[in-house]
Amino acid sequence: KAGLETKPVELENLEDMGVETSEENVSGADASQADTLKPVDEPHEKQRKRLEKFGGTSNDKDDDDDDDISFTDTGKTATKSKFVDEEAEDGDSTSSQDQAGNVLNDNGVMLSAMGDESDKDSVGSEDTGELNLKGAVTPGMTMQTFNFPQPQAAFAPSSTPLDLAKRFLCWNHVGSITLYKGEETAGRNTVTINFNDAGFRARPTVSFTDNMGLIVGSLGEEGGIFASDLADEDDNDDVIQAMSNLSERTKNAVKRSWTGNKTKATGSTIYFHRFETFASVRDKDWYLTLPSGELVLGCACGDGWSAVSTNRRFVRLFTSGGNQDHIFWLEGDPVTMVGRSRFLAVFYHENQPLMDGTQKLAYTLYDALSHRTLGKGSVSCISPKATLKWAGFSSEHCLYAMDSDGMISTLVSPETGSTWEWMPMLDTQPLLKSQEDAFWPISVAGPHISYVPLKGGVTYPNAARRPVASKTRLRMPFANGPIQQTNVLEEFTVRSSVALQQKRVMHEYLVEGE
């Protein structure tokens with residue numbers, strides 16, 4: 001204290017700061033008189049700036065000397081900042097109020113304004129139930145939106161897009177269905193069925209006119225099943241316009257009859273085309289119309305049965321003669337369905353896709369003749385960020401599936417009555433010579449798979465001229481060892497053992513079912 005030097009302080013400034021002045025604490029006094037000026041701890045620089053910003057005053061008007069000496073309140077009470085009072089009471093509070101009553105954070109950004117009383121509860125209204133974010137978003141805040149992956153749409157295995165003038169409805173182990181769209185004025189399409197059998201006893205090509213607007217189809221051992229789109233209300237107007245020989249009065253009467261007929265179904269039309277029959281040729285085919293609003297998303301047929309899946313999550317079974325059989329629910333929206341012999345497999349959505357786009361699907365394996373469920377579970381053979389692209393039965397009645405990454409897997413059961421599981425059988429990526437090439441599967445027969453190789457960024461074959469199919473051998477994705485011959489032998493041993501075991505399981509079930 002002996003070395004403490006005090007500078008002259010104007011009495012007016014001391015009185016403004018609330019310090020009681022007297023002759024003893026005048027500048028220029030000796031060291032004993034300087035004891036009456038009790039300095040306190042120097043305030044923090046950040047706190048001083050807050051005081052100046054929110055209404056506080058500095059110790060002196062001079063820029064250089066305002067932090068040298070502080071004076072205690074010996075008489076009058078100095079004006080304190082509201083921020084200091086609230087900070088002393090709350091301790092951990094990170095917000096304050098300015099002179100207008102606005103709540104501010106440490107950086108001085110306004111969090112909320114003291115307006116009308118009606119704005120205090122602006123987030124959420126009890127009357128409307130709507131979320132009102134007025135005053136809840138701070139200035140400069142950016143709102144982020146997330147695009148959640150969508151479930152994949154339903155599709156038919158080995159088919160081409162719907163908007164093509166010439167497209168494949170199906171291409172499987174029996175043959176291919178080609179749809180040729182006619183001129184828009186005529187409104188009639190042509191369906192051609194080509195069979196895979198070659199030789200003297202091969203089935204001839206089947207062709208018929210499509211008057212229903214078929215969009216999906218599938219081939220089985222006894223025939224082909226087809227389904228149309230929903231009946232459009234404008235279709236009746238097109239029919240009326242085609243009746244040019246009728247008078248206006250007759251046309252209006254026909255329109256009124258259609259309008260008053262409330263029982264007329266406007267759902268998809270199912271058509272079954274039988275290949276061979278011992279009865280009259282006129283009675284070998286049949287068709288049915290689903291209830292209004294029910295759209296067929298997939299179809300399949302086998303030996304003595306046919307089935308469709310609809311947008312109502314229904315699976316409808318029919319006999320080859322056209323009699324309606326069982327109807328049962330699916331646990332999710334249908335994706336695709338395939339059949340062969342007496343077996344039917346339906347794929348559907350089990351849950352919403354993952355954030356990376358991986359589809360979460362499930363399957364159910366049925367016996368379409370005895371109406372038994374052979375197995376069901378998750379489709380775990382879909383790679384990350386992939387979708388289901390193809391499915392079908394092999395000649396040994398094994399269910400196969402391929403994802404968008406080109407991995408082909410099969411559903412196997414090691415023992416009778418045990419849990420079914422998926423096993424990878426072929427990785428098609430090493431078969432492609434370029435990233436623009438594609439693998440378009442058709443069917444599996446024994447250890448081989450038939451496919452159409454696509455090049456140059458083409459994703460589906462051209463139906464205008466039927467491409468030549470190729471074959472390749474199934475090869476499980478085993479790791480490479482030092483001896484190549486050993487790797488080939490190991491892969492062949494495991495794959496043959498799995499195929500033999502699966503063939504035995506299916507054969508025992510077929511014998512039991514018969």
Side-chain angles (χ1 to χ4, degrees), residues 155 157-158 171-173 335-341 343-347 358-359 361-365 374-416 418-433 437-454 469-481 484-507 509:
F155 70 95
S158 301
W171 193 350
N172 57 11
H173 62 283
V335 177
T336 190
M337 62 189 312
V338 292
R340 187 166 185 174
S341 183
F343 301 106
L344 169 66
V346 183
F347 295 83
T358 306
Q359 298 293 319
L361 306 181
Y363 75 92
T364 303
L365 184 62
L374 305 182
K376 61 188 308 183
S378 300
V379 184
S380 58
C381 60
I382 298 180
S383 304
K385 304 180 182 180
T387 59
L388 183 65
K389 282 297 182 181
W390 175 84
F393 282 96
S394 66
S395 57
E396 289 82 14
H397 309 105
C398 299
L399 180 60
Y400 280 80
M402 188 186 80
D403 61 5
S404 57
D405 280 357
M407 182 64 69
I408 299 178
S409 305
T410 183
L411 184 66
V412 298
S413 178
E415 296 180 1
T416 305
S418 62
T419 303
W420 296 78
E421 57 186 11
W422 292 93
M423 183 175 295
M425 299 301 293
L426 177 64
D427 186 5
T428 62
Q429 292 296 332
L431 302 178
L432 306 180
K433 298 180 180 179
D437 297 347
F439 188 96
W440 204 76
I442 298 176
S443 62
V444 178
H448 297 88
I449 180 172
S450 301
Y451 70 100
V452 176
L454 303 175
S470 301
K471 288 185 179 181
T472 185
R473 196 177 187 87
L474 297 176
R475 189 179 301 107
M476 301 180 69
F478 272 39
N480 295 327
Q484 184 66 22
Q485 295 180 353
T486 304
N487 300 335
V488 175
L489 183 60
E490 291 175 348
E491 188 274 334
F492 177 78
T493 303
V494 174
R495 179 167 49 82
S496 301
S497 176
V498 171
L500 182 61
Q501 176 66 23
Q502 185 66 13
K503 187 175 182 179
R504 184 180 65 85
V505 171
M506 302 305 295
H507 178 71
Y509 180 80

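We use all heavy atoms of the structure for the numbers below, so side chains are in, but hydrogens, waters and symmetry mates are not. Numbers for residues simply follow the sequence, beginning at 1.
For F492, the side chain to side chain contact (heavy atoms under 4.5 Å, CB included) criterion is met by R473, R495, S496, not counting sequence neighbours. Every ring-ring contact (aromatic ring centres under 6.0 Å, His included) that W422 has, sequence neighbours left out, goes to Y363. Taking the salt bridge (Lys or Arg N to Asp or Glu O under 4.0 Å) definition, one finds that K376 meets it with E331, sequence neighbours left out.
Closest approach of V338 to P157, counting heavy atoms only: CG1-CG, 3.6 Å. The two residues F439 and M402 come nearest to each other via the heavy atoms O-CE, 3.9 Å. Counting all heavy atoms, side chain and backbone alike, I449 lies closest to P441 at CD1-CB, 4.2 Å. A pairwise comparison of heavy atoms in M476 and V494 identifies SD-CG1, 4.0 Å as the closest pair. Among all heavy-atom pairs drawn from L454 and W440, the shortest one is CD1-CB, 4.0 Å. Across all non-hydrogen atoms, the minimal contact from D405 to P384 is OD2-O, 3.9 Å.
Taking CD of E396 as the start and CZ of R504 as the end, the distance is 15.0 Å to the nearest 0.5 Å. Rounding to the nearest 0.5 Å places CG of L489 at 4.5 Å from OG1 of T493. Atoms CE and OG1, on M337 and T364 in that order, are 10.5 Å from each other to the nearest 0.5 Å. Between the CG atom in L399 and the OG atom in S394 there is a gap of 8.5 Å [rounded to 0.5 Å]. Annotation: the span from I408 atom CD1 to T428 atom OG1 amounts to 6.0 Å, rounded to 0.5 Å. Rounding to the nearest 0.5 angstrom, the gap separating the CE atom in M407 from the CD1 atom in I382 is 13.0 Å.
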Working for side-chain contact (heavy atoms from CB on, under 4.5 Å), residues T472 and Y451
CA-CA 8 Å; T472 185; Y451 70 100; 3.7 Å; yes

Please test F393 against H173 for side-chain contact (heavy atoms from CB on, under 4.5 Å), starting from the C-alpha separation and ending with a verdict.
CA-CA 9 Å; F393 282 96; H173 62 283; over 6 Å; no

Steps toward side-chain contact (heavy atoms from CB on, under 4.5 Å) verdict (V412, Q501)
CA-CA 9 Å; V412 298; Q501 176 66 23; over 6 Å; no

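Considering V379, T387, V335 in turn, T387 is the only one that fulfils the side-chain contact (heavy atoms from CB on, under 4.5 Å) rule with Q359.
Between S413 and Q502 there is a side-chain heavy-atom pair separated by less than 4.5 Å. Residues Y400 and M425 have side chains in contact (heavy-atom distance under 4.5 Å, counting atoms from C-beta outward). Using a 4.5 Å heavy-atom threshold, the side chains of L388 and F155 count as touching. Counting heavy atoms from C-beta outward, R340 and S395 have side chains that approach closer than 4.5 Å.
The closest side-chain donor-acceptor pair between D403 and S383 falls under 3.5 angstrom.
Side chain of S158 to backbone of N172: no donor-acceptor contact under 3.5 angstrom is found. The closest donor-acceptor contact from the side chain of T358 to the backbone of K385 lies under 3.5 Å.
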